Amino acid sequence: MAAADDLKFQEFDDAANLLAANPDATTISIDEPVEIPKNQHGRLQEPGREEDDELLGTDDSDKTELLAGQKKSAPFWTFEYYQTFFDVDTYQVLDRIKGSVFPVPGKNFVRLYIRSNPDLYGPFWICATLVFTIAVSGNLSNFFIHLGKPTYHYVPEFRKVSIAATTIYAYAWLVPLALWGFLMWRNSKVMNIVSYSFLEIVCVYGYSLFVYIPTAILWIIPQKVVRWVLVMFSLCLSGSVLVMTFWPAVRDDNRRIALATMGTIVLLHALLAVGCLAYFFDAPELDFPAPIIPTHNGTTVITKSQ
């Protein structure tokens with residue numbers, strides 16, 4: 001049986017004194033575990049690649065997307081399926097609008113604003129607002145240009161609404177569809193770093209059109225120089241959002257194909273702006289027929305406008 005002194009708490013000497021007394025003793029060092037970062041790479045990454053890694057996502061983000069996909073398992077013919085595309089609050093929409101109007105150089109619009117929760121609410125209403133803004137502003141511009149001419153009688157051109165709606169919505173849906181198909185095809189040929197879903201591309205295109213809403217209102221000013229300056233300014237803002245978003249998806253491809261893709265994106269965006277300005281605001285003046293004024297003796301007098 002152990003003695004009573006053996007059961008008492010004892011004070012041990014320092015490790016150095018113990019080792020000096022018994023050099024053959026075995027020592028064990030217990031340190032705190034060192035955490036190894038999950039995303040630590042063996043080599044230094046090039047500038048601009050960190051954003052691409054974040055766009056690809058980690059294992060945790062993959063699990064989150066998988067769980068999100070399990071939650072959105074409603075059939076596509078039900079209302080609940082499409083409700084998820086409009087599940088966004090006002091603050092998110094305003095934040096994305098500000099991001100499209102004031103793009104941050106070197107930052108990806110999808111990574112900053114869209115990827116967490118892509119939506120169709122903002123793009124739908126931005127396109128609808130732009131349609132009516134262009135149609136109404138075009139009618140007002142035509143009215144102010146011919147205001148004061150005795151031969152001019154204002155008649156609202158409601159057909160401009162349908163033409164503007166067809167143009168805007170076709171651009172906001174067909175161009176992203178073609179771009180998404182092209183990127184999917186190139187991803188099967190080349191292992192690109194960044195890829196986007198169709199919903200994310202539609203979201204980027206929809207929000208990039210917001211800057212044209214105030215621009216269309218200012219196009220009422222009957223000065224061609226002012227109008228073209230506004231076109232170039234708006235095109236630079238919205239075009240830069242598209243370039244900074246889609247350049248990471250094509251820059252690892254063939255150099256000519258990458259430049260041709262970006263050139264096509266910017267060209268189509270410019271054609272939309274210039275086409276709307278030329279058709280709805282810079283339409284050629286029409287020669288209105290001179291009014292016929294009947295006289296009391298049965299003859300008619302045709303007045304000629306100067």
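The figures that follow rest on heavy atoms only: side chains count, while hydrogens, waters and symmetry mates do not. Computed from a predicted structure; not experimentally measured.
Shortest non-hydrogen contact noted between Ser208 and His269 is OG-CE1, 3.9 Å. For the residue pair Leu242 and Met262, the shortest heavy atom distance occurs at O-CE, 4.2 Å. Here the closest heavy-atom approach between residue Met244 and residue Asn108 is recorded as O-ND2, 3.8 Å. When all heavy atoms of Val243 and Pro248 are compared, the pair lying nearest together is O-CD, 4.5 Å. Closest of all the heavy-atom pairs between Leu209 and Cys127 is CD1-SG, 4.0 Å. The two residues Trp219 and Cys276 make their nearest non-hydrogen contact at CZ3-CB, 4.4 Å.
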Between Leu177 and Trp180, does the side chain to side chain contact (heavy atoms under 4.5 Å, CB included) criterion hold? Intermediate values first, please.
CA-CA 5 Å; Leu177 179 61; Trp180 174 73; 4.2 Å; yes
Walk me through whether Ile257 and Val250 qualify under side chain to side chain contact (heavy atoms under 4.5 Å, CB included).
CA-CA 8 Å; Ile257 295 178; Val250 298; over 6 Å; no
Could you walk me through whether Tyr196 and Val204 pass the side chain to side chain contact (heavy atoms under 4.5 Å, CB included) check?
CA-CA 10 Å; Tyr196 302 111; Val204 172; over 6 Å; no
Report the C-alpha separation of Arg96 and Asn117 in whole Å, then their side-chain angles, then the decisive distance to 0.1 Å, and conclude whether the side chain to side chain contact (heavy atoms under 4.5 Å, CB included) test is met.
CA-CA 11 Å; Arg96 294 172 181 183; Asn117 183 25; 3.9 Å; yes
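Judged purely by atom type and a 3.5 angstrom limit, Asn187 uses its side chain to pair as donor or acceptor with the backbone of Leu183. For the pair Ser141 (side chain) and Ser137 (backbone), a donor-acceptor distance under 3.5 Å is absent. Under a 3.5 Å cut-off, the side chain of Asn139 and the backbone N or O of Ala135 do form a donor-acceptor pair.
Under the 4.5 Å side-chain heavy-atom criterion for grouping Ile, Leu, Val, Met, Phe, Trp and Tyr, Leu237 is not connected to Met232 through any hydrophobic cluster. In this structure, Val274 is not a member of the same hydrophobic cluster as Val229, with clusters built from ILVMFWY side-chain heavy atoms closer than 4.5 Å. Residues Leu120 and Ile126 share a hydrophobic cluster, clusters being chains of Ile/Leu/Val/Met/Phe/Trp/Tyr side chains in contact below 4.5 Å. Both Phe246 and Leu268 are assigned to one and the same hydrophobic cluster, defined by single-linkage of ILVMFWY side chains at heavy-atom distances under 4.5 Å. With hydrophobic clusters built from ILVMFWY side chains whose heavy atoms lie under 4.5 angstrom apart, Val104 does not share a cluster with Phe210.
Summarising the geometry, atom OH belonging to Tyr113 is positioned 12.0 Å from atom CD1 belonging to Ile97; distances are rounded to the nearest 0.5 Å. A distance of 9.5 Å separates CZ in Phe124 from OG1 in Thr129, rounded to the nearest 0.5 Å. Taking OG1 from Thr261 and CG from Asp253, the interatomic distance works out to 7.0 Å, rounded to the nearest 0.5 Å. Taken from CG in Leu199 to CZ in Arg115, the straight-line distance is 11.0 Å, to the nearest 0.5 Å. Between the OG1 atom of Thr215 and the CG atom of Leu230 there is a distance of 6.0 Å, given to the nearest 0.5 Å. How far CD of Gln223 is from CG of Leu218: 13.5 Å, rounded to the nearest 0.5 Å.
For OH of Tyr169, the number of neighbouring non-hydrogen atoms (other residues, nucleotides, ligands) closer than 6.0 Å is greater than 12. More than 12 heavy atoms of other residues, nucleotides or ligands lie within 6.0 Å of CZ in Phe198, so this atom counts as buried by the packing criterion. Around atom CZ of Phe86, more than 12 heavy atoms belonging to other residues, nucleotides or ligands sit under 6.0 Å away.
Residues Tyr205 and Ile265 have side chains in contact (heavy-atom distance under 4.5 Å, counting atoms from C-beta outward). Counting heavy atoms from C-beta on, the side chains of Val93 and Trp125 never come closer than 4.5 Å. Under the 4.5 Å side-chain criterion, counting only non-hydrogen atoms from C-beta, Val266 is not in contact with Leu235. A 4.5 Å side-chain heavy-atom check between Trp228 and Leu277 finds at least one atom pair inside the cut-off. The closest side-chain heavy-atom distance from Tyr212 to Thr133 is not below 4.5 Å.
The closest side-chain donor-acceptor pair between Tyr207 and Asp119 falls under 3.5 angstrom.
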